[in-house]
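Every chain is numbered from 1 and lettered A, B, ... according to where its sequence line falls, protein lines coming before strand lines. The figures that follow rest on heavy atoms only: side chains count, while hydrogens, waters and symmetry mates do not. Everything quoted here is computed from the prediction, not taken from an experiment.
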Protein chains: 2
Amino acid sequence: MKIGELAKKSGLSAHTLRFYEKQGLIKVNNRSESNYRIYNNADLDTAKFIKRCRDMGFSLEEVEVFLSIRSDRPAHICADAKNITAIKITEVEDKISELQQILIALHKLSDACCGGNESAELCSIIDALDNDKEQDKTEA
Amino acid sequence: MKIGELAKKSGLSAHTLRFYEKQGLIKVNNRSESNYRIYNNADLDTAKFIKRCRDMGFSLEEVEVFLSIRSDRPAHICADAKNITAIKITEVEDKISELQQILIALHKLSDACCGGNESAELCSIIDALDNDKEQDKTEA
DNA sequence: ATAGACTTTAGAGTAGACTCTAAGGTCAAC
DNA sequence: GTTGACCTTAGAGTCTACTCTAAAGTCTAT
Ligand SMILES: [Zn+2]
Ligand SMILES: [Zn+2]
Ligand SMILES: [Zn+2]
Ligand SMILES: [Zn+2]
């Protein structure tokens with residue numbers, strides 16, 4: 001199949017597939033007489049593999065490691081794969097915590113403000129962003 | 001005070017302060033004879049204001065809006081501030097949901113893998129990334 | 001044979017928010 | 001009077017992962 005078909009079947013764009021190739025994630029073994037990239041089902045599996053990794057939040061660098069494990073499993077150990085996953089879990093958990101802290105702060109900010117058409121002269125959002133003093137009052 | 005002191009007191013680097021100035025977020029009114037930027041306490045408050053906005057996840061573009069509300073409150077209404085905040089809340093909530101989905105998938109991936117020093121020939125992480133089939137089995 | 005869809009390449013552009021560089025000027029202290 | 005910390009500028013570089021462009025060649029169907 002040509003790149004357009006691979007794109008459709010893998011869910012990656014042709015641009016992205018060429019980009020991954022340039023990055024060394026995908027190798028293309030076959031070219032047509034007219035120099036078109038020709039892919040087989042194994043290439044489709046690889047493309048899908050990469051997409052699944054990306055969808056789970058792995059960086060291209062991490063995907064590369066997974067690909068190398070996949071391409072020669074006996075040369076790797078389970079710990080190789082699990083460590084990357086564990087690190088990613090920590091990263092995602094940390095990011096979630098950070099966002100939850102932010103969310104709490106945003107709600108606090110939002111809840112105190114009337115959000116109406118009145119002048120912002122007394123707006124508690126601006127007040128809260130403007131200084132460190134506790135001011136847990138809500139606009140009248 | 002000069003930029004180094006403002007940096008220390010605001011928690012932003014001198015580079016960042018100059019960058020914000022170039023972006024139009026900060027105006028510097030005073031220069032010393034030797035052309036050094038001279039800041040006052042109002043400038044410090046503005047720098048802190050920006051930092052607080054950034055810490056709450058607002059983009060520089062959003063910070064600009066907050067700054068303009070702050071600089072002329074009567075010309076704005078509470079809704080101006082609250083809308084930005086509400087949108088940000090939605091964004092953060094969406095991002096958290098997305099990360100939680102990813103986290104669940106990562107745990108599923110991780111839990112099935114022994115993570116040991118054995119060959120990755122049967123590694124369930126690679127298996128799971130490699131195809132769509134359900135395979136909720138754990139490595140022996 | 002001609003339109004329209006597809007493919008090729010190298011390389012530039014995008015996003016957001018910094019971060020750093022080079023080459024020079026200024027200032028306080030010893 | 002010199003060291004060393006600080007300041008100035010324009011502009012380039014960083015990061016990640018694409019995304020797009022231009023100009024050319026190829027394929028399929030009518
Ligand atoms: Zn109000
Ligand atoms: Zn308000
Ligand atoms: Zn195992
Ligand atoms: Zn395993």
Side-chain angles (χ1 to χ4, degrees), chain A residues 1-40 43 47 49-67 84 87-88 91-92 95 98-99 102, chain B residues 1-40 43 47 49-67 84 87-88 91-92 95 98-99 102:
Chain A
M1 76 189 94
K2 284 177 289 183
I3 200 165
E5 194 180 344
L6 181 64
K8 216 171 273 173
K9 287 185 174 163
S10 68
L12 299 166
S13 77
H15 275 304
T16 299
L17 287 166
R18 287 193 206 96
F19 170 72
Y20 285 169
E21 183 185 338
K22 200 160 40 175
Q23 299 302 112
L25 296 181
I26 291 177
K27 276 147 216 101
V28 192
N29 309 305
N30 269 32
R31 290 279 184 149
S32 73
E33 285 186 9
S34 49
N35 200 34
Y36 286 8
R37 290 167 179 84
I38 301 297
Y39 301 95
N40 57 29
D43 297 324
F49 180 91
I50 296 173
K51 181 162 196 328
R52 251 174 246 121
C53 292
R54 296 287 302 122
D55 287 346
M56 311 218 13
F58 292 106
S59 69
L60 292 185
E61 203 176 346
E62 289 157 345
V63 174
E64 242 185 286
V65 180
F66 280 131
L67 281 170
I84 298 177
I87 290 170
K88 183 60 57 183
E91 286 173 12
V92 172
K95 188 70 190 170
E98 185 196 326
L99 289 177
I102 286 178
Chain B
M1 75 192 93
K2 282 177 291 184
I3 199 165
E5 194 179 344
L6 181 64
K8 216 170 275 177
K9 287 185 174 164
S10 67
L12 299 165
S13 77
H15 275 303
T16 299
L17 287 166
R18 288 193 205 96
F19 170 72
Y20 286 169
E21 182 185 337
K22 199 159 44 173
Q23 299 303 111
L25 296 181
I26 291 176
K27 276 147 215 99
V28 192
N29 310 303
N30 269 32
R31 290 278 184 151
S32 73
E33 283 186 9
S34 50
N35 201 34
Y36 287 8
R37 290 167 179 82
I38 301 296
Y39 300 95
N40 57 28
D43 297 322
F49 180 91
I50 295 174
K51 181 162 196 326
R52 250 173 247 122
C53 291
R54 295 288 300 125
D55 288 346
M56 311 218 13
F58 292 107
S59 68
L60 292 186
E61 204 177 346
E62 289 157 345
V63 174
E64 243 185 285
V65 179
F66 279 132
L67 281 170
I84 298 177
I87 290 170
K88 184 60 57 184
E91 285 173 11
V92 172
K95 189 68 191 170
E98 186 196 327
L99 290 177
I102 287 178

Seminar exercise, completed: Here the pair of heavy atoms bringing Leu12(A) nearest to Ala47(A) is CD1-O, 3.7 Å
Problem set entry | Distance, nearest 0.5 Å, that separates CG of Asp43(A) from CG of Leu6(A) | 7.0 Å
Exercise. What's the spacing between Gln23(A) CD and Ile50(A) CD1 if we round to 0.5 Å?
Worked result: 11.0 Å
Exercise. Under the side chain to side chain donor-acceptor pair (under 3.5 Å) test, which residues partner Glu98(B), sequence neighbours left out?
Worked result: none
Exercise. In the 5'-to-3' direction, what one-character label does each nucleotide of nucleotides 25-30 of chain C receive under the scheme B = base within less than 4.0 Å of a protein heavy atom, S = sugar-phosphate only, - = no such atom?
Worked result: BBS---
Problem set entry | Sequence-distant partners of Ile38(A), side chain to side chain contact (heavy atoms under 4.5 Å, CB included), two or more places apart | Lys2(A), Asn30(A), Ser32(A)
Problem set entry | Under the side chain to side chain donor-acceptor pair (under 3.5 Å) test, residues paired with Glu5(A) that sit two or more places apart | Lys9(A)
For this session: List the steps, then state whether side-chain contact (heavy atoms from CB on, under 4.5 Å) holds for Val92(A) with Lys88(A).
Result: CA-CA 6 Å; Val92(A) 172; Lys88(A) 183 60 57 183; 4.2 Å; yes
Exercise. Under a 4.0 Å heavy-atom cut-off, which of residues 12-29 of chain A touch DNA chain C?
Worked result: Arg18(A), Lys22(A)
Exercise. If you round to the nearest 0.5 Å, how far is SG of Cys53(B) from CD1 of Ile84(B)?
Worked result: 9.0 Å
Could you pull out every donor-acceptor pair under 3.5 Å between side chains of residues 14-22 of chain A and any protein atom, sequence neighbours left out?
unit_1, atom_1, unit_2, atom_2, d
Thr16(A), OG1, Ser13(A), OG, 2.9
Glu21(A), OE1, Arg37(A), NE, 2.7

For this session: Could you tell me from which nucleotide to which nucleotide of DNA chain D, 5' to 3', there is an atom under 4.0 Å from chain B heavy atoms?
Result: dC6(D) to dG11(D)
Donor-acceptor contacts under 3.5 Å from residues 54-61 of chain A side chains, at least two apart:
unit_1, atom_1, unit_2, atom_2, d
Arg54(A), NH1, Phe58(A), O, 2.5
Asp55(A), OD1, Lys51(A), NZ, 3.3
Asp55(A), OD2, Lys51(A), NZ, 2.9
Ser59(A), OG, Glu61(A), N, 3.4
Ser59(A), OG, Glu62(A), N, 3.2
Ser59(A), OG, Glu62(A), OE1, 3.3

For this session: Sequence neighbours left out, what passes salt bridge (Lys or Arg N to Asp or Glu O under 4.0 Å) with Glu64(B)? Give chain and number order.
Result: none
For this session: May I ask you to list the residues of residues 3-10 of chain B, by number, that have any heavy atom positioned under 4.0 Å from an atom of DNA chain D?
Result: Ile3(B), Gly4(B)
